[in-house]
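Keep in mind that this is a model prediction, so the values were computed, not measured. Keep in mind that the numbers below use all heavy atoms, side chains included, and drop hydrogens, waters and symmetry copies.
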Amino acid sequence: ILELGCGPAYMWKECSSRIPAGWDITLSDLSSGMVDAAWRNLVVTGRAYNFKEIDAQSIPFEAETFDAVIANHMLYHVPDRAKAIAEIKRVLKTGGHFFATTVGDTHMQEITNWFRQIHKSEVWDSFANLFTLENGLAQLQPFFPNVTLSRYEDNLRVTELEPLMAYFRSMTRASELSDAGFAKLEADLENELKEKGRIFITKDSGLFEAVK
């Protein structure tokens with residue numbers, strides 16, 4: 001198994017006791033810091049994993065190497081996705097599976113709408129738009145004719161305002177917003193929380209499964 005963009009590998013740490021002993025797992029990321037974080041999180045499990053710094057656009061393995069390749073919420077970060085998907089297909093064995101998770105167009109749409117109301121340009125496009133549940137199939141099918149999509153039904157009901165505002169301020173484009181804009185956003189959300197007892201946020205995520 002190869003995971004591309006493993007990040008700190010929390011998934012593997014939480015599931016370590018459920019993974020069969022015979023599995024050969026390589027966890028990779030473009031960031032050397034993430035690879036190091038993954039190693040630090042998993043070394044305590046006592047399980048054997050392989051760690052490697054990998055660019056998904058040029059995977060350093062021979063063809064027909066892996067039974068499965070995983071890309072969790074990462075393909076929208078890849079500059080040349082077609083090249084990466086071709087590489088994934090190359091390193092998969094015939095009959096191998098590719099699993100790619102991402103978000104849909106309505107994912108956290110309330111957050112997007114709130115920011116659009118206070119952003120000076122009123123344009124707040126998600127970086128995930130490059131590979132979504134809506135457009136991902138068209139990107140995968142030229143390489144994997146057999147692709148299925150499973151959607152995961154979920155949502156958030158936020159009952160504390162402070163953590164939500166901290167999340168807003170941590171976002172990449174938050175620096176473009178004025179203090180007055182943040183104050184207005186906080187006041188609007190505080191009113192919603194008082195009126196409804198919770199702040200509702202839509203979540204829209206899912207998984208593509210492709211077979212070579």
message = Contact between D24 and F66 at the side-chain level, heavy atoms closer than 4.5 Å - yes or no?
response = no
query = For the residue pair R47 and S16, what are the closest heavy atoms and their distance?
reply = NH1-O, 2.6 Å
ask   = What's the spacing between K89 NZ and F144 CZ if we round to 0.5 Å?
value = 6.5 Å
query = Would F98 and Y76 show up in the same hydrophobic cluster when neighbours are defined by side-chain heavy atoms closer than 4.5 Å?
reply = yes
message = Tell me whether Y152 at atom OH has more than 12 heavy atoms from other residues, nucleotides or ligands lying less than 6.0 Å away.
response = no
request  = Please list, chain by chain and in numerical order, all residues satisfying side-chain contact (heavy atoms from CB on, under 4.5 Å) with A82, sequence neighbours excluded.
outcome  = D80, F143
ask   = So, the side chain of S28 versus the backbone of I54: is there a donor-acceptor pair under 3.5 Å, distance only?
value = no
inquiry  = Let me check something: do I85 and V91 share a hydrophobic cluster, defined by ILVMFWY side-chain heavy atoms less than 4.5 Å apart, either directly or through other members?
reply    = yes
query = Would you say E87's side chain and I59's backbone share a donor-acceptor pair under 3.5 angstrom?
reply = yes
ask   = Is any side-chain heavy atom of D204 less than 4.5 Å from a side-chain heavy atom of L133?
value = yes
request  = Kindly compute the distance separating NE2 (H107) from CD1 (I201), expressed to the nearest 0.5 Å.
outcome  = 9.5 Å
message = Can you tell me how far apart CD (Q139) and CG (L130) are? Round to the nearest 0.5 Å.
response = 8.0 Å
ask   = Less than 4.5 Å apart, any side-chain heavy atom of K52 and any of L2?
value = no
query = Any idea which heavy atoms bring A210 and V147 closest together, and the distance?
reply = CB-CG2, 3.9 Å
remark   = For L30, the other hydrophobic cluster members (4.5 Å side-chain criterion, sorted by chain and number) are none
message = Test side-chain contact (heavy atoms from CB on, under 4.5 Å) on I199 and W114; report intermediate values, then the result.
response = CA-CA 12 Å; I199 298 169; W114 292 327; 3.3 Å; yes
remark   = Of all heavy-atom pairs linking G136 and F131, the shortest is CA-CE1, 3.5 Å
message = On a heavy-atom basis, which atom in E134 and which in D105 lie closest, and how many Å separate them?
response = OE1-N, 2.9 Å
message = Distance check, rounded to the nearest 0.5 Å: K13 atom NZ versus T45 atom OG1?
response = 8.5 Å
inquiry  = I want to check something: taking the side chain as every heavy atom from C-beta on, are N155 and R157 in contact at a cut-off of under 4.5 Å?
reply    = yes
Transitive ILVMFWY cluster of W12, excluding itself - 4.5 Å side-chain cut-off = I1, M11, I19, W23, I25, L27, V35, W39, L42, V43, V44, Y49, F51, I70, F99, L207
ask   = Taking the side chain from R81 and the backbone from V78, do they hold a donor-acceptor pair closer than 3.5 Å?
value = yes
Validation row: P79, Q57 side chains within 4.5 angstrom (heavy atoms) = yes
request  = Mark yes or no for whether D29, through its side chain, and G7, through its backbone, hold a donor-acceptor pair below 3.5 Å.
outcome  = yes
request  = Work out which heavy atom in M74 is nearest to a heavy atom in A56; give both atom names and the distance.
outcome  = CE-CB, 4.2 Å
query = Among the clusters formed by ILVMFWY side chains lying less than 4.5 Å apart, do F182 and Y167 turn up in the same one?
reply = yes
ask   = Do the side chain of N41 and the main chain of A37 share a donor and acceptor less than 3.5 angstrom apart?
value = yes
note = d(L92 CG, H97 NE2) to nearest 0.5 Å is 9.0 Å
query = Does N135 reach the main-chain N or O of T132 with its side chain, forming a donor-acceptor pair under 3.5 Å?
reply = yes
message = Would you say that F168 contacts L189 through its side chain, given a criterion of any heavy-atom pair below 4.5 Å between the two side chains?
response = yes
ask   = Within the side chain of E64, is there an N or O that forms a donor-acceptor pair under 3.5 Å with the backbone of T94?
value = yes
remark   = In terms of heavy-atom contacts, T159 and G197 come closest through CG2-O, 3.9 Å
ask   = Going hydrophobic residue to hydrophobic residue with side-chain gaps under 4.5 angstrom, can you get from L156 over to M165?
value = yes
ask   = Counting only heavy atoms not in N113, do more than 12 fall under 6.0 Å of its CG?
value = yes
ask   = CD of E190 to CG of L164: how many Å apart, nearest 0.5 Å?
value = 12.0 Å
